Protein chains: 2
Amino acid sequence: MKKRLLITYLIDLLKLGAGDRLVKAPTIYISHIFGLSQQSTSRVLTELSDLGYIHKEIRDGTVWVILTDRAMEELEMFFKYIDGARKYPGEFIFEGEIVKGLGEGAYYMSKPGYKRQFYRTLGYEPYPGTLNVKLSEPLMITQNKVLRKMKGIYIKGFRDESRTFGSVQVYPAIIMEKLEGAVLYARRTIYGPDIIELISEYYIKGELGLKDGDIIRFKVKLSENY
Amino acid sequence: MKKRLLITYLIDLLKLGAGDRLVKAPTIYISHIFGLSQQSTSRVLTELSDLGYIHKEIRDGTVWVILTDRAMEELEMFFKYIDGARKYPGEFIFEGEIVKGLGEGAYYMSKPGYKRQFYRTLGYEPYPGTLNVKLSEPLMITQNKVLRKMKGIYIKGFRDESRTFGSVQVYPAIIMEKLEGAVLYARRTIYGPDIIELISEYYIKGELGLKDGDIIRFKVKLSENY
DNA sequence: ATTACTAAAAAACGAGTAA
DNA sequence: TTTACTCGTTTTTTAGTAA
């Protein structure tokens, strides 16, 4: 069964008070909450138990359940997601750890072919270098994959004497609620979906007093154009 | 498709910012958020549109969506439910309008066969009369159906000279955060699931300064025994 | 590039029912 | 009373593909 559906059932059980104690949960009346038949309800509870989301036992022939820590973690993540959707609709908020890049960002950012286009679309020439952020939460990684697919501001690739440079996309971002910058996605990249790259007019770490290993937060607000 | 599942998709769209403006939502990348294939995503968006939850249009070959008022109402209800589950797990909070009953409550409540048992289980003899509350929100009505099924404190039926009196169940409740009382469910009742009956040691309306037509709130905390 | 139809496979569902 | 199995039916899903 799909996880997002399982979670809605966990919410129902949480509401019954199963978050911190065993509660009586006869399938025949839980079925009214779940909106399923008694049989399907039994099946769902068994599946939740098999997946380690609930502890289920039968006393005097009726089911009692309590949510596991695993379920509570899953619920917390879901609630966090919902809170974000309610409070900051249209915003992608990221949090991750600053990691050392390979230094190749500086090389690319200094190419006039990119610099001109950045100036035209973002209003400034970026500092020659990118800041790499390592995402660890699964939610962040999904968000990164999705944002990448959305095709923000398109920066065309070009070729100089020696080689070709691929196209990139950028999304204006606010870093640590202070500094303007942008998320940068290179068409061809060596990084996986757990790394996200930032650029700005200024040297980000210096400007914000941060160093490698520090936690950094930033948000991308989706514009009307993408 | 099940409503609870539809709502999770609406939350995803809300997060994208579709709550107040048309947002670009190409099925191929929305599919990453939904956790479905491109084809299923297309089908889900079509269904959401058919059900009146989103307005969907195609510009230059890609889908743009905006949530309808109907969807926002549905989401608000869901959020309210979740907030309740998080803040008051194990509690059933009711809100409804005080309505005039048929006066038959007073007759039943004055029967010694019931009075003795109420005293033993609730610790007091109830005021001879019941307060009828009319529930209008669908969530409240569902909650009422569920609570009724849960079998709280069991009060046995009995017979006197003339007739038999059916069994009832009660759940201790706190009325308007002040007055102790109980929800009463008669085994045989003439009321539908949109009416819920309250009893208390005192005359509830008098004690709380309420009259017919006023809004009343109360909560039932599920005990460890049911 | 998209969207979304068709068709076949997979998953979920509930009635009947045993324990 | 319960729970939960079997099994036939319905619903949901995705690959392939046309537009």
Side-chain angles (χ1 to χ4, degrees), chain A residues 1-9 12-13 18 22-51 53-66 146 148-152 154 156-157 167 169 187 225-226, chain B residues 1-9 12-13 16 18 22-51 54-66 146 148-152 154 156-157 167 169 187 225-226:
Chain A
M1 178 176 285
K2 263 188 294 297
K3 190 185 232 181
R4 56 173 67 219
L5 194 48
L6 288 179
I7 286 178
T8 68
Y9 294 129
D12 288 333
L13 295 177
L22 271 170
V23 294
K24 202 173 175 176
T27 50
I28 185 63
Y29 80 68
I30 293 290
S31 71
H32 289 86
I33 311 182
F34 284 3
L36 297 171
S37 64
Q38 178 271 322
Q39 293 86 343
S40 292
T41 302
S42 170
R43 200 168 33 75
V44 168
L45 290 181
T46 301
E47 183 166 353
L48 287 173
S49 175
D50 290 347
L51 291 169
Y53 287 127
I54 62 172
H55 170 73
K56 165 167 161 274
E57 66 183 64
I58 297 192
R59 290 186 186 170
D60 313 323
T62 72
V63 174
W64 290 67
V65 298
I66 182 172
V146 169
R148 145 166 256 129
K149 285 249 171 223
M150 290 180 76
K151 301 181 183 158
Y154 184 73
K156 275 207 294 282
S167 63
Q169 319 151 40
R187 179 68 161 267
N225 308 307
Y226 45 82
Chain B
M1 178 178 288
K2 263 187 292 296
K3 190 185 233 181
R4 57 172 67 219
L5 194 48
L6 287 179
I7 285 178
T8 68
Y9 294 129
D12 288 333
L13 295 177
L16 281 177
L22 271 169
V23 295
K24 201 174 178 177
T27 50
I28 185 65
Y29 79 69
I30 293 290
S31 70
H32 288 87
I33 310 182
F34 284 3
L36 297 171
S37 64
Q38 177 272 322
Q39 293 86 343
S40 292
T41 302
S42 170
R43 197 173 31 77
V44 168
L45 290 181
T46 302
E47 183 166 354
L48 287 173
S49 175
D50 289 346
L51 291 169
I54 62 173
H55 170 73
K56 164 167 162 274
E57 65 183 66
I58 297 191
R59 291 185 186 170
D60 314 323
T62 73
V63 174
W64 291 67
V65 298
I66 182 172
V146 169
R148 146 167 255 127
K149 284 249 170 226
M150 289 181 78
K151 302 183 184 157
Y154 184 71
K156 274 206 296 282
S167 64
Q169 318 153 40
R187 178 69 160 265
N225 308 307
Y226 43 84

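No hydrogens, no waters, no symmetry mates; every other heavy atom, side chains included, goes into these values. All of these numbers come straight from a predicted model, not from anything done at the bench.
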Trainee: Rounded to the nearest 0.5 Å, how far does OG1 of A:T41 lie from OH of A:Y29?
Mentor: 12.0 Å

Trainee: Would you say A:K56 reaches D:dA4's phosphate, i.e. side-chain N/O to OP1/OP2 under 4.0 Å?
Mentor: yes

Trainee: Let me spell it out: for each of B:Q38 and B:T41, pick the nucleotide of DNA chain D with the closest heavy atom. Which residue's pick is nearer the 5' end?
Mentor: B:T41

Trainee: In the structure I gave you, are the side-chain heavy atoms of A:I7 and B:T8 within less than 4.5 Å of one another anywhere?
Mentor: no

Trainee: For the side chain of B:M1, counting heavy atoms from C-beta on, which of C:dT3, D:dT13, D:dT3 is nearest?
Mentor: D:dT13

Trainee: Within less than 4.0 Å of OP1 or OP2 of D:dT13, is there a side-chain N or O belonging to A:K2?
Mentor: yes

Trainee: Between the base of D:dG16 and the side chain of B:Q39, is one N or O donor paired with an acceptor at under 3.5 angstrom?
Mentor: yes

Trainee: Verify the distance criterion only: is there a donor paired with an acceptor across the side chains of B:R43 and B:T46 at less than 3.5 Å?
Mentor: no

Trainee: Which whole-number value in Å describes the distance from B:I30 CD1 to C:dT2 P?
Mentor: 12 Å

Trainee: Between C:dA12, D:dT13, D:dT3, spot the one nearest the side chain of A:P26, thanks.
Mentor: D:dT3

Trainee: Can you check whether A:R43 has a side-chain N or O nearer than 4.0 Å to OP1 or OP2 of C:dC13?
Mentor: yes

Trainee: Round to a whole Å and report the spacing from CD1 of A:I54 to P of D:dT3.
Mentor: 12 Å

Trainee: Once pairs are restricted to Watson-Crick or G-U wobble with both distances under 3.5 Å, how does DNA chain D read as a dot-bracket string, [ ] for crossings and | for other-strand pairs?
Mentor: .||||||||||||||||||

Trainee: What integer distance in Å separates B:F34:CZ from D:dT14:P?
Mentor: 13 Å

Trainee: Counting any heavy atom closer than 4.0 Å, what does A:S40 reach on the DNA or RNA strands: base, sugar-phosphate only, or nothing?
Mentor: base

Trainee: Rounding to a whole Å, what distance do you find between B:I28:CD1 and D:dA15:C1'?
Mentor: 13 Å

Trainee: If you round to the nearest 0.5 Å, how far is CZ of B:R4 from CG of A:D12?
Mentor: 4.5 Å

Trainee: Provide, to the nearest angstrom, the distance between the CD atom belonging to A:E47 and the P atom belonging to D:dC5.
Mentor: 13 Å

Trainee: How many angstroms lie between OG in A:S167 and CZ in A:R187, if you round to the nearest 0.5 Å?
Mentor: 4.5 Å

Trainee: Got B:V23 and B:V65 here, is their nearest side-chain heavy-atom distance under 4.5 Å?
Mentor: yes

Trainee: Let me confirm one number: the NZ-NZ distance from B:K2 to A:K2, rounded to the nearest 0.5 Å.
Mentor: 8.0 Å

Trainee: Do A:T27 and A:Q38 have side-chain N/O donor and acceptor atoms under 3.5 Å apart?
Mentor: yes

Trainee: Just the rounded figure in Å: distance from C1' of C:dT2 to NZ of B:K24.
Mentor: 10 Å

Trainee: For B:K149 and D:dT1, give me the distance from atom NZ to atom P, rounded to whole Å.
Mentor: 10 Å

Trainee: Is there a side-chain polar atom (N or O) of A:T62 under 4.0 Å from OP1 or OP2 of D:dT2?
Mentor: no

Trainee: NZ of B:K3 versus P of C:dC13: gap in Å, rounded?
Mentor: 17 Å

Trainee: Quick one: is C:dT3 close enough that its OP1 or OP2 comes under 4.0 Å of any side-chain N or O from B:S42?
Mentor: no

Trainee: Side chain of A:L36 only, heavy atoms from C-beta on: which candidate in C:dA4, D:dT3, C:dC13 is closest?
Mentor: C:dC13

